[in-house]
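Working notes, structure below.
Naming: A, B, ... by sequence-line order, numbering from 1 per chain. Atom set for the values below is all heavy atoms of this structure, side chains included, hydrogens, waters and symmetry mates excluded. All of these numbers come straight from a predicted model, not from anything done at the bench.
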2 protein chains.
Amino acid sequence: MKNDLTPKQQQVLQAIKRFHRENGYPPTVRELAELFGQSSAAGIHKILQVLQEKGALRRGESGKSRSFMVMDDLLGEDKSHRARSCPIIGNVVAGMPQLAVEEREGELYLDSDWVGQEDIFLLRVRGHSMIDADIRDGDLLVVQMTQTCRNGDIIIALLEEEATVKRFYKEVERIRLQPENPSMQPIYVNKDDPNFRIIGKVKGLLRRY
Amino acid sequence: MKNDLTPKQQQVLQAIKRFHRENGYPPTVRELAELFGQSSAAGIHKILQVLQEKGALRRGESGKSRSFMVMDDLLGEDKSHRARSCPIIGNVVAGMPQLAVEEREGELYLDSDWVGQEDIFLLRVRGHSMIDADIRDGDLLVVQMTQTCRNGDIIIALLEEEATVKRFYKEVERIRLQPENPSMQPIYVNKDDPNFRIIGKVKGLLRRY
DNA sequence: TTTTTAGGTGTACAGATGTTCATATAAGTG
DNA sequence: CACTTATATGAACATCTGTACACCTAAAAA
């Protein structure tokens, strides 16, 4: 049933793709109607509904303008296959509710073997404070955003508004943060310390020479 | 003047590209503002105007929704080709004319930003001999196969049937191979030494925790 | 210091846009 | 013929969206 599109429905799909390709953004319903020389948007609108039901087209929430996603085009992303885009964050900032977009400095495609389906970002390391963990200034850490850490995990923690890399150990009533550098003393924090917050755990490292 | 974008302006461009890639259609001004945690659309709107003046962004006629065209995107970077497959080699073996396929232990997709169009493979590091270069056992080195090295390049060389990582320096009549570890002595070889062969240069490092 | 620049907030408004409804036409079907 | 399906029209409506204006803040420049 899915692929049983009428000629007109196929033409509409093609028109959306073509418009998007030529203009860089998808058309509106009225622009589509105009392309077909129709004076009303309602006809196209109905066709679009059918296309959605048949699974040939996806749209954003109702009411969103130009929010077309031709499923065909999605298969293009499938070509990049195992690759997933991950944002590069220059700096972990204090008040991150989700992830401060202001600090985004780019993106990189990573193998999904590495990043899985999790919520991943790349953190640019500043300074040489982690040199004992064989982590250098300028390296990128692959960070999975999570609150659930297991003992021994390397985590990114926000301590006094500053992001640091530590090993995580949960003790009876507190948390021990063990620096990678054995000559440095561990830090102890209370689980509910407002100055302490776990951003995520480190899953990998990328370096460029 | 064109490329003189403030950090924020670059971030806005990145955000548009990312939104478009993830959703299939460009964002609205307000959606952008929301991404940045801003409560008003006017600030973003102003930035968008600047981006247009600087030529980094094109838009449809005034009033058209979501009509963004990031100039970068137009430069035909085939999104589906942003990822490239690179073989993982467990071991550099002696008689490699090309690359011993038998030693292949897998493959990984890497961002073409990183690997370019060159002939790239990934070499699994064995042992702790390079720990002073902040390279660990189990790390993957991104290696570009080439014979042309410049002074200071980190290279993979085959010495006495064994692969090592060294810094490359060409001297008058010989080549100096400087270990990453400063406490180790450099090795000198003749350019035509049959026991010596350059496999390629190290362009990056991948580590998994 | 004053001035400029880059950005941000809040409000407001006009036009763009998706959506719905009632209605119509033509083609195919039983 | 009546009945369904696919499509088109025109009007009406609720939001969405881009844009403008006034005003504010912080940092950099003069």
Would you indicate, yes or no, if C:dG8 has its OP1 or OP2 atom less than 4.0 angstrom from a side-chain nitrogen or oxygen of B:Ser39? no

Between B:Glu22 and B:Arg18 (salt bridge meaning N to carboxylate O under 4.0 Å), is one present in this structure? yes

How many whole angstroms separate atom CZ of A:Phe36 from atom P of D:dA8? 8 Å

Without decimals, in angstroms, what is the distance between B:Gln10 CD and C:dG7 P? 10 Å

What does B:Ile47 touch in the nucleic acid at a heavy-atom separation under 4.0 angstrom: a base, only the sugar-phosphate, or nothing? sugar-phosphate

Whole-Å distance between C:dT25 P and A:Lys8 NZ? 18 Å

Quick check against the 3.5 Å criterion: does B:Asn23 have a side-chain atom that pairs as donor or acceptor with the backbone of B:His20? no

Rounded to whole Å, the CG-P distance (B:Leu32 to C:dT9) equals 14 Å

What side-chain donor-acceptor pairs closer than 3.5 Å can you find for residues 41-52 of chain B, not counting sequence neighbours?
none

Could you tell me if A:Arg66 sits above the aromatic ring of B:Tyr25, with its cationic atom closer than 6.0 Å to the ring centre and no more than 45 degrees from the axis? no

Give the rounded distance in Å between these two atoms: CG of B:Leu13 and C1' of C:dA6. 16 Å

Taking NZ, NE, NH1 and NH2 as the nitrogens, is one of them in B:Lys64 or A:Glu31 under 4.0 Å from a carboxylate oxygen of the other? yes

Report the distance from atom CD of A:Gln9 to atom P of D:dT5, rounded to the nearest whole Å. 13 Å

Please report, rounded to the nearest Å, how far the P atom of D:dA8 is from the CD atom of A:Glu34. 15 Å

Below 4.0 angstrom from OP1 or OP2 of D:dG10, is there any side-chain N or O of A:Gln38? no

Expressed in angstrom and rounded to an integer, what is the separation of B:Ile44 atom CD1 from C:dG10 atom C1'? 15 Å

Do B:Arg174's NZ or CZ and the ring of B:Tyr188 fall within the cation-pi criteria of under 6.0 Å and 45°? yes

Give a yes or no on whether B:Gln9 atom CD has more than 12 heavy-atom contacts from other residues, nucleotides or ligands under 6.0 Å away. yes

How would you summarise protein contacts on nucleotides 14-24 of chain C per nucleotide, using B for base, S for sugar-phosphate only and - for none, with heavy-atom distances below 4.0 Å? --SBBBBB---

